[in-house]
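Just the heavy atoms: all of them, side chains too, but no hydrogens, waters or symmetry mates, feed the values below. Within every chain, numbering begins at 1; the chains are lettered A, B, ... in the order of the sequence lines, protein sequences first and strands thereafter.
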2 protein chains.
Amino acid sequence: MGNENFVFDKYLISKGLKLTKPRKIILNTVFATHEHFNVDGLYDKIRKKHKDVSRATIYRTIPLLIESGLIKQSLRCLAKDHYEHTYGHSRHLHLICEKCGKIIEIESKEAESILNKLAKKHDFKIREFNIGAKGICNNCKK
Amino acid sequence: MGNENFVFDKYLISKGLKLTKPRKIILNTVFATHEHFNVDGLYDKIRKKHKDVSRATIYRTIPLLIESGLIKQSLRCLAKDHYEHTYGHSRHLHLICEKCGKIIEIESKEAESILNKLAKKHDFKIREFNIGAKGICNNCKK
DNA sequence: AATGAGAATGAGAATTAATCTCAATACCAA
DNA sequence: TTGGTATTGAGATTAATTCTCATTCTCATT
Ligand SMILES: [Mn+2]
Ligand SMILES: [Mn+2]
Ligand SMILES: [Zn+2]
Ligand SMILES: [Zn+2]
């Protein structure tokens with residue numbers, strides 16, 4: 001059990017919110033792996049163990065996880081929003097295969113530093129980078 | 001009237017599709033300005049002049065405009081897909097203000113060349129770049 | 001341990017962007 | 001002009017996300 005529990009707890013307290021059982025379950029399931037996830041997949045995974053957590057609560061908890069800095073909205077695929085950890089992960093960019101859905105994650109500060117330079121020139125304060133590309137992965141090229 | 005008409009016409013012919021009145025209206029409205037657009041805004045704009053173009057036809061025409069290389073899917077904002085011209089525009093990245101919605105467009109090949117390098121290393125064929133950041137613009141910083 | 005006020009929940013309804021269906025119409029080569 | 005095909009508008013449908021609300025949980029205070 002990693003520190004994400006402390007982070008989340010601290011956030012909830014700071015906002016006068018309560019650490020409930022469904023929120024614990026959702027948090028722990030989200031951090032059970034390092035994979036990207038979407039609501040549907042998360043719901044199925046949770047439901048195997050806990051028949052009493054609703055979709056509504058998952059949808060309500062995700063903004064809290066984002067606000068607390070644990071996850072972020074990552075990408076959109078098949079008309080679904082996808083999320084990924086920020087806590088415990090350094091920033092990275094994505095190469096997304098449009099054929100098989102595979103996501104290649106690459107750490108690289110170079111592109112970010114270019115964006116930082118451009119943002120400074122325009123007096124723009126960056127909150128979140130969005131860097132990547134879509135195309136075809138090596139496997140799908142045959 | 002720019003060359004987008006020729007491009008679109010040529011594409012339609014090559015696919016055995018027909019250049020219809022609604023398609024002309026949609027194309028011309030899309031290229032009446034250089035702004036990003038979404039289906040709702042486009043529909044309203046078209047409807048002021050032409051009461052007989054349906055939302056369904058707009059939704060059906062957008063993939064054709066994309067396929068013909070005239071526009072591309074750009075960004076997602078307020079739960080709506082947004083599009084922008086590719087024809088007549090060089091590639092650029094976006095700084096999106098989360099407060100006022102303002103979009104700053106910047107031409108810069110630097111970030112792309114870094115992505116190209118990384119993609120080559122992973123034997124990944126890029127079809128479309130996605131480079132930008134979200135944050136707060138200079139006006140909204142007060 | 002019991003209380004109570006406010007926060008959180010599950011179930012299902014509501015919203016809404018995007019897609020689909022289908023009968024009627026427009027297009028265009030011949 | 002005609003005929004075969006593509007296209008259309010209207011409305012139904014889908015599906016992700018959000019909302020409503022009556023009931024249940026949390027937790028600081030007793
Ligand atoms: Mn990732
Ligand atoms: Mn743009
Ligand atoms: Zn692939
Ligand atoms: Zn702004």
Using Watson-Crick or G-U wobble geometry with both distances below 3.5 Å, tell me the partner of dA28(D), or none. dT3(C)

Apply the test side chain to side chain donor-acceptor pair (under 3.5 Å) to residues His34(A) and Glu105(A): give CA-CA distance (whole Å), side-chain angles for both, the deciding distance (0.1 Å), then the verdict. CA-CA 12 Å; His34(A) 292 297; Glu105(A) 302 193 322; over 6 Å; no

Against the side chain of Ala56(B), the closest entry in dA16(D), dT7(D), dG9(D) is dG9(D)

Looking at Arg91(B) and Glu107(B), is any side-chain nitrogen of the basic one under 4.0 Å from a carboxylate oxygen of the acidic one? no

Return the value, rounded to whole Å, for the distance between atom CG of Leu17(A) and atom C1' of dT26(D). 12 Å

Atom CG of Leu12(A) and atom P of dC25(D) are separated, to the nearest Å, by 19 Å

Between dT20(D) atom C1' and Tyr59(A) atom OH, what is the distance in whole Å? 17 Å

Comparing nearest nucleotides in DNA chain D, the 5'-proximal residue of the pair Arg47(B), Pro22(A) is Arg47(B)

Between Arg55(B) and Tyr59(B), does a side chain to side chain donor-acceptor pair (under 3.5 Å) hold up when you go through it step by step? CA-CA 6 Å; Arg55(B) 265 203 172 73; Tyr59(B) 275 111; 5.5 Å; no

dG11(D): pairing nucleotide in any strand, Watson-Crick or G-U under 3.5 angstrom: dC20(C)

Contact under 4.0 Å: Lys80(A) side-chain N or O vs dA16(D) OP1/OP2: yes

Less than 6.0 Å separating the ring centroids of His94(B) and His36(B)? yes

Sub-4.5 Å side-chain heavy-atom contact between Val30(A) and Leu42(A): yes

Measure CG/Leu78(A) against P/dT17(D) and give the value in whole Å, please. 12 Å

Flag the pair Phe37(B) / Ile71(B) as yes when at least one side-chain heavy-atom distance between them is below 4.5 Å, and no otherwise. yes

Give me the first and last nucleotide of DNA chain C, going 5' to 3', that has any atom under 4.0 Å from a heavy atom of chain B. dA17(C) to dC28(C)

Within this structure, what is the CZ-to-P distance between Arg23(A) and dC25(D), rounded to whole angstrom? 15 Å

Please figure out whether Asp81(B) or Arg60(B) has its closest DNA chain C nucleotide nearer the 5' end. Asp81(B)

Is it true that His85(A) and Phe31(A) have ring centroids separated by less than 6.0 Å? yes

Taking atom types as they are modelled, would you say the side chain of Arg55(B) forms a donor-acceptor pair with the base of dG11(D) within the 3.5 Å cutoff? no

Nearest-angstrom distance from the residue atom CD1 of Ile62(B) to C1' of dT8(D): 16 Å

Nearest whole angstrom, please: distance from the P of dT24(D) to the CG of Asp52(A). 14 Å

Rounded to whole Å, how long is the line connecting atom NZ of Lys18(A) with atom P of dC25(D)? 13 Å

